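As a basis for the values below, the full set of heavy atoms in this structure was taken, side chains included, without hydrogen atoms, waters or symmetry mates. Because the structure is predicted, anything quoted here is derived from the model rather than measured.
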Amino acid sequence: MLYLSLDNGAGKAIVKGRSHHAVEFFYKNGEISKLTCDCYSAGMCEHEVDVLFELRHKLKWIDENYADEFQRSSYFAELDKAAFCNMVLMSRQNGSFQIG
């Protein structure tokens, strides 16, 4: 997982694989809907499953460590350390980088 975020129920992820795939979803009251991936799969794909497992793991961790903060903001984001370092290094060449 290169990137995973949840912002007032709107979720986005970038899944690392042979190529990177964007997954979007909506999360409310413990339920996920509108789960989509930009890959070619007709049914649920491995990228969506990866996001579901990572989201479950991350929400449990947040509940154990940052429940009050998440309750107030309804936001979290995680970014792979290597991906972040690469973006920072690339920003030295062109002066900026964009996440999401």
Side-chain angles (χ1 to χ4, degrees):
M1 189 76 49
L2 293 175
Y3 175 76
L4 176 63
S5 71
L6 191 59
D7 189 2
N8 288 315
K12 294 184 179 186
I14 301 172
V15 180
K16 182 179 175 179
R18 288 186 297 271
S19 60
H20 301 332
H21 292 283
V23 176
E24 295 186 359
F25 59 93
F26 191 76
Y27 178 84
K28 184 175 181 179
N29 299 325
E31 294 186 16
I32 294 174
S33 61
K34 301 179 184 174
L35 182 64
T36 60
C37 180
D38 67 358
C39 77
Y40 57 84
S41 180
M44 181 172 267
C45 68
E46 63 185 286
H47 313 107
E48 293 168 338
V49 173
D50 286 348
V51 169
L52 294 176
F53 280 120
E54 183 63 22
L55 180 64
R56 181 177 67 179
H57 169 74
K58 191 53 59 181
L59 288 173
K60 182 180 178 194
W61 182 83
I62 288 170
D63 189 49
E64 292 171 354
N65 297 283
Y66 297 100
D68 293 339
E69 292 88 344
F70 184 65
Q71 184 70 28
R72 276 194 305 275
S73 68
S74 297
Y75 174 82
F76 84 84
E78 72 172 349
L79 181 62
D80 177 77
K81 183 171 38 174
F84 179 74
C85 290
N86 285 338
M87 283 192 287
V88 169
L89 292 173
M90 294 302 291
S91 71
R92 289 184 175 182
Q93 295 175 7
N94 64 18
S96 65
F97 63 91
Q98 181 177 350
I99 298 174

Pairs of donor and acceptor atoms involving the side chains of residues 46-57, under 3.5 Å and at least two apart or interchain, shall be tabulated with distances.
unit_1	atom_1	unit_2	atom_2	d
E48	OE1	C45	N	3.1
E48	OE2	C37	N	3.3

Under 4.5 Å between side-chain heavy atoms, hopping through other hydrophobics if needed: is there a path connecting [X] to [Y]?
| X | Y | result |
| --- | --- | --- |
| Y27 | L4 | yes |
| F25 | I62 | yes |
| M1 | L35 | yes |

Any chance you could measure K12, atom NZ, to D7, atom CG, to the nearest 0.5 Å?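 The CG atom of D7 is 9.0 Å from NZ of K12, to the nearest 0.5 Å.
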Taking atom CG of D38 and atom OG of S19, what is their separation to the nearest 0.5 Å?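 One gets 8.0 Å once the value is rounded to the nearest 0.5 Å.
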Step-by-step side-chain contact (heavy atoms from CB on, under 4.5 Å) determination, S33 to E31: CA-CA 7 Å; S33 61; E31 294 186 16; over 6 Å; no
For the residue pair H20 and V15, establish whether any side-chain heavy-atom pair is separated by less than 4.5 Å.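 Contact flag for H20/V15 side chains = no.
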Validation row: D80, I14 side chains within 4.5 angstrom (heavy atoms):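 Result no, sub-4.5 Å side-chain heavy-atom pair not found.
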Apply side-chain contact (heavy atoms from CB on, under 4.5 Å) to residues T36 and V23 and explain how you reach the verdict. CA-CA 6 Å; T36 60; V23 176; over 6 Å; no
Taking all atoms of both residues into account, what is the closest heavy-atom pair of F26 and N8, and its distance?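 That would be CE1-O, 4.1 Å.
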Using residues 63-78 as the side-chain source, report each donor-acceptor pair under 3.5 Å to any protein atom, sequence neighbours left out, with the distance given to one decimal.
unit_1	atom_1	unit_2	atom_2	d
N65	ND2	W61	O	2.8
S73	OG	E69	O	3.0
S73	OG	Y75	N	3.2
S73	OG	Y75	O	3.4
E78	OE1	K58	NZ	3.1

